[in-house]
Amino acid sequence: MRLSQYFLPILRETPKEAEIVSHRLMLRAGLIRQESAGIYAWLPLGLRVLNKITAVIREEQNRAGAIECLMPTIQSADLWRESGRYEAYGKEMLRICDRHEREMLYGPTNEEMITEIFRSYVRSYKDLPLNLYHIQWKFRDEVRPRFGVMRSREFLMKDAYSFDITPEAGQHSYNKMFVAYLRTFARMGLTAIPMAAESGPIGGSLSHEFIILADTGESEVFCHKDFLTFKAPPENIKFADEQALKSIVDKWTSLYAATSEMHDSQAFSLIPEEARVSARGIEVGHIFFFGTKYSEPMKAVVSGSDGKEIPVQMGSYGIGPSRLVAAIIEASHDEAGIIWPDSIAPFQIGIANLKVGDSSTDKVCEALAQQFENAGFEVLYDDRDERPGAKFATLDLIGLPWQILVGPKGLAEGRVEVKRRQTGERELLTPEEATQRIVAALRQVAA
RNA sequence: CGGGGUAUAGCGCAGCCUGGUAGCGCAUCUGCUUUGGGAGCAGAGGGUCGCAAGUUCGAAUCUUGCUGCCCCGACCA
């Protein structure tokens with residue numbers, strides 16, 4: 001992609017409303033634009049990142065056996081009256097009326113709807129287990145939206161719903177999602193710690209929040225420092241193997257970790273002092289097991305092997321991709337701008353032509369861009385008629401992992417400069433070496 | 001929802017106290033010179049001063065009401 005043909009409205013100055021670094025950088029790098037309080041338009045670069053994140057989530061959900069569908073954003077109030085949550089949800093729910101004066105709502109979550117879908121088709125225990133998920137926009141009318149997409153009113157959510165015949169089978173479904181979440185966040189370069197959590201309006205007895213540590217996090221969290229060195233489960237993990245999953249979940253829940261609402265200072269004080277971590281955290285995922293909370297009132301039942309109808313055991317599993325964009329920036333940035341992990345960068349490679357119009361730089365830049373694109377990588381080629389300094393600043397701000405700087409000085413020696421955004425390391429290489437170096441590194445990420 | 005703040009060009013701000021019809025920096029456009037870490041000079045365009053009512057010969061400025069947005073607290077993917 002040629003930058004001169006792209007839409008990348010970067011801001012040199014920071015809009016005053018942005019308090020935290022991720023919000024500032026998202027506005028400056030042209031990722032989002034606020035349209036109302038807590039409501040954002042996703043600009044091209046931001047959408048690319050969002051799509052990268054949802055792609056990783058999809059891969060890991062599918063790997064864990066969840067099946068994708070797509071439910072609507074608008075739901076009927078009647079559905080929510082069945083579960084009793086229409087009244088219970090309060091003012092967080094955006095309620096609207098259609099032209100026939102029918103009461104509708106913009107969905108804050110989808111337990112009712114998925115239960116309705118499930119009960120209309122599934123009759124037998126033989127069709128279980130089942131886990132359906134979708135990635136859809138949600139609306140929660142927060143009293144005070146803030147921090148950009150970190151706490152917005154409209155936000156993208158991946159929500160999965162599991163159905164099982166027994167609580168034990170339900171626990172296994174829960175464990176599958178637990179393990180999938182560990183892998184998902186690790187692939188985005190994040191260390192997410194599962195913490196005992198309150199289940200809030202979703203309800204249920206068993207619940208974990210996945211928290212990443214960050215100074216600007218909204219919640220106060222407490223955990224054992226060994227979590228920071230745990231390795232995520234491998235790609236070839238067998239999701240059908242109950243024992244294997246259980247041992248992973250046991251390991252990740254064996255040490256103390258809790259949000260402030262669930263904090264037990266007594267238990268925390270038993271940890272050796274040097275191993276105690278007291279920090280702030282960002283919630284990037286939340287999983288629940290709530291048994292028959294919805295299946296009972298909404299009559300989502302299946303016939304068991306004895307022919308008797310029993311309500312299904314359910315769980316739900318959320319990840320906020322839009323919030324993750326901000327969370328990743330909080331975890332990975334410097335003075336100059338964003339530092340995207342290779343796995344979710346909007347473009348993997350940025351090429352800066354330091355002297356547009358110079359036949360040698362033009363030629364080399366175009367050849368490089370072409371080669372990377374042919375090899376299946378995404379390239380942003382800065383072919384604007386700008387000064388070198390402005391190009392360096394732009395590339396650093398938008399945080400592409402690999403930069404290739406092509407100027408007449410270097411080319412006189414037959415060299416271009418390859419810069420790794422993450423470390424700031426620079427190397428002078430021939431264009432051929434540069435291509436090989438970057439392709440090899442990126443292939444490793446993909447593998 | 002309580003408390004506080006703010007609204008002037010795309011962005012950041014001054015002007016308001018003490019009324020006389022709007023200015024600065026960045027960005028944008030044109031030209032020339034520049035070209036390896038956000039260039040210089042010259043010129044140009046762009047604003048119903050959040051909205052409404054009021055006071056006044058005259059309102060960005062004073063008064064009242066409304067709205068948007070931001071911050072602090074209680075709630076949350």
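First the proteins, then the strands, lettered A, B, ... as listed; each starts at 1.
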Tell me the interatomic distance from [X], atom [atom1], to [N], atom [atom2], rounded to whole angstroms.
X         : N      : atom1 : atom2 : answer
Glu386(A) : U34(B) : CD    : C1'   : 13 Å
Tyr89(A)  : C75(B) : OH    : P     : 15 Å
Arg12(A)  : C26(B) : CZ    : C1'   : 7 Å
Arg144(A) : G5(B)  : CZ    : C1'   : 12 Å
Glu19(A)  : C69(B) : CD    : P     : 16 Å
Met195(A) : A77(B) : CE    : C1'   : 16 Å
Asp382(A) : U35(B) : CG    : C1'   : 14 Å
Tyr40(A)  : A77(B) : OH    : P     : 19 Å

Could you work out the separation of [N] and [M] based on their [atom1] atoms and round it to a whole Å?
N      : M      : atom1 : result
A44(B) : A9(B)  : C1'   : 15 Å
C49(B) : A22(B) : C1'   : 8 Å
A27(B) : G38(B) : C1'   : 12 Å
A74(B) : A14(B) : P     : 31 Å
G10(B) : U6(B)  : P     : 22 Å
C16(B) : U34(B) : P     : 44 Å
A60(B) : G50(B) : C1'   : 12 Å
U35(B) : A39(B) : C1'   : 8 Å

Report which part of the nucleic acid [X] touches: base, sugar-phosphate, or nothing (heavy-atom distance under 4.0 Å, all strands).
X         : answer
Lys16(A)  : sugar-phosphate
Gln34(A)  : sugar-phosphate
Lys91(A)  : sugar-phosphate
Thr361(A) : nothing
Asp396(A) : base
Leu11(A)  : nothing
Gly410(A) : base
Glu209(A) : nothing
Thr394(A) : base
Arg33(A)  : nothing
Arg426(A) : base

For A39(B) and Arg387(A) - does any side-chain N or O of the residue sit under 4.0 Å from the phosphate oxygens OP1/OP2?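 Checking A39(B) against Arg387(A), a side-chain N or O does come within under 4.0 Å of OP1 or OP2.
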Using the six-membered ring wherever Trp is involved, compare the ring planes of [X] and [Y] and label them parallel, tilted or perpendicular (cut-offs 30° and 60°).
X         : Y         : answer
His208(A) : Tyr174(A) : tilted
Phe163(A) : Phe118(A) : parallel
Phe210(A) : Phe178(A) : perpendicular
Phe288(A) : Phe290(A) : tilted

Paired with [N]: which nucleotide, if any, by Watson-Crick or G-U wobble criteria at under 3.5 Å for both distances?
N      : result
C32(B) : G40(B)
A60(B) : none
G23(B) : C13(B)
C51(B) : G65(B)
C1(B)  : G73(B)

If you take all heavy atoms of Phe222(A) and Ser260(A), which pair is closest and at what distance?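 The answer is CE1-CA, 4.1 Å.
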Taking all heavy atoms of Glu103(A) and all of Tyr86(A), pick out the closest pair and write down the distance.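 The pair with the smallest heavy-atom distance is OE2-OH, 3.5 Å.
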Regarding [N], can its base be found pairing with the side chain of [X] as donor and acceptor, where the two atoms are less than 3.5 Å apart?
X         : N      : result
Arg24(A)  : G12(B) : no
Glu13(A)  : G25(B) : yes
Arg415(A) : G36(B) : no

Counting heavy atoms from C-beta on, name the nucleotide in [options] closest to the side chain of [X].
X         : options                : answer
Pro388(A) : G36(B), C1(B), C71(B)  : G36(B)
Phe288(A) : G38(B), C11(B), A77(B) : A77(B)
Arg146(A) : G38(B), U34(B), C75(B) : C75(B)
Ser36(A)  : A77(B), C69(B), G38(B) : C69(B)
Phe392(A) : G36(B), C75(B), G38(B) : G36(B)

Heavy-atom donor-acceptor pair, Tyr256(A) side chain to Asp264(A) backbone, under 3.5 Å: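 Yes, Tyr256(A) side chain to Asp264(A) backbone: donor-acceptor pair under 3.5 Å.
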Heavy-atom count check: over 12 atoms from other residues, nucleotides or ligands less than 6.0 Å from Glu87(A) CD? yes
On RNA chain B, check which nucleotide each of Leu397(A) and Pro145(A) is closest to and give me the residue with the more 5' one.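 Nearest-nucleotide comparison on RNA chain B picks Leu397(A).
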Position toward the 5' end of RNA chain B (nearest nucleotide), Ala37(A) or Glu142(A): Ala37(A)
Does the ring of Phe155(A) lie flat against the base of A77(B), closer than 5.5 Å centre to centre with planes under 30°?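 The ring of Phe155(A) is stacked on A77(B).
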Hey, is Glu378(A) close enough to Arg48(A) for a salt bridge, meaning N to O under 4.0 Å?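 Yes, charged N to carboxylate O under 4.0 Å.
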